[in-house]
Amino acid sequence: MNEVMEILESMNLGVDLEICDDLVDGGILTSLDLVSLVSELSDVFDITIPARELVPEHFNSAAAIWEMVERLQDE
């Protein structure tokens, strides 16, 4: 989870990542941010994020992102 927080913090989103649960739905993450985030997650965690995973609920919070990463690592 710490790595996910570090990645999001490096994006300077200007929100409290501990409590924010609308990163996508609230327009905080842009489409370009999402592309960068997916690339960074893939590199850091050595995972492939398939298109079916690219839905807002998987990217609305740091916790949701971490849950997706853990699930993909287990596959």
Side-chain angles (χ1 to χ4, degrees):
M1 176 71 164
N2 289 335
E3 295 97 337
V4 169
M5 293 297 286
E6 288 174 13
I7 293 167
L8 289 170
E9 287 169 357
S10 75
M11 299 176 81
N12 297 314
L13 301 173
V15 297
D16 183 347
L17 296 169
E18 296 286 335
I19 61 171
C20 185
D21 64 357
D22 66 345
L23 291 172
V24 174
D25 291 337
I28 297 163
L29 285 174
T30 66
S31 57
L32 291 176
D33 291 333
L34 285 169
V35 170
S36 294
L37 179 57
V38 166
S39 176
E40 188 75 17
L41 292 169
S42 296
D43 290 345
V44 169
F45 295 103
D46 194 29
I47 58 174
T48 299
I49 301 174
R52 72 177 185 278
E53 300 290 338
L54 301 177
V55 294
E57 56 265 19
H58 293 164
F59 292 90
N60 267 328
S61 68
I65 294 168
W66 178 241
E67 287 174 21
M68 177 189 63
V69 167
E70 284 188 308
R71 187 170 27 80
L72 291 172
Q73 285 178 322
D74 289 341
E75 289 183 357

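In this chain, residues are counted from 1 in sequence order. Computed over heavy atoms, backbone and side chain alike; hydrogens, waters and symmetry mates excluded. All values reported here derive from a predicted model rather than from experimental measurement.
- Atoms CD and CE, from Glu57 and Met68 in turn, are 11.0 Å apart once rounded to the nearest 0.5 Å.
- Scanning both residues, Phe59 and Leu29, for their nearest heavy atoms gives O-CD1, 3.8 Å.
- Taken to the nearest 0.5 Å, the CG atom of Asp22 stands 10.0 Å off from the CD1 atom of Ile19.
- The backbone N or O of Asn60 sits nowhere less than 3.5 Å from a side-chain atom of Asp25 that would complete a donor-acceptor pair.
- No more than 12 heavy-atom neighbours from other residues, nucleotides or ligands sit within 6.0 angstrom of CD on Glu18.
- What you find for Ser61 and Cys20 is that their closest heavy atoms are CB-O, 3.3 Å.
- Leu8 is listed as a side-chain neighbour of Ile65, based on a closest heavy-atom distance under 4.5 Å.
- Surrounding CG of Asp46 are at most 12 heavy atoms belonging to other residues, nucleotides or ligands under 6.0 Å away.
- Neither side chain, Asp33 nor Ser36, offers a donor N or O lying under 3.5 Å from an acceptor on the other.
- Of all non-hydrogen atoms in Gln73 and Phe45, the two that sit nearest each other are NE2-CD2, 3.5 Å.
- The shortest heavy-atom contact between Leu41 and Ile7 is CD2-CD1, 4.0 Å.
- If you chain together hydrophobic residues whose side chains sit under 4.5 Å apart, Val44 and Leu72 fall into the same group.
- Nearest heavy atoms, Glu53 versus Ile49: CB-CG2, 3.8 Å.
- Atom CG of Leu34 sits about 12.0 Å away from atom OG of Ser39, to the nearest 0.5 Å.
- Each of Val35 and Leu54 belongs to its own hydrophobic cluster when Ile, Leu, Val, Met, Phe, Trp and Tyr are linked at side-chain heavy-atom distances under 4.5 angstrom.
- Nearest heavy atoms, Leu17 versus Ala62: O-CB, 4.1 Å.
- Linking ILVMFWY side-chain heavy atoms closer than 4.5 Å, directly or via other members, places Leu37 and Val55 in two distinct hydrophobic clusters.
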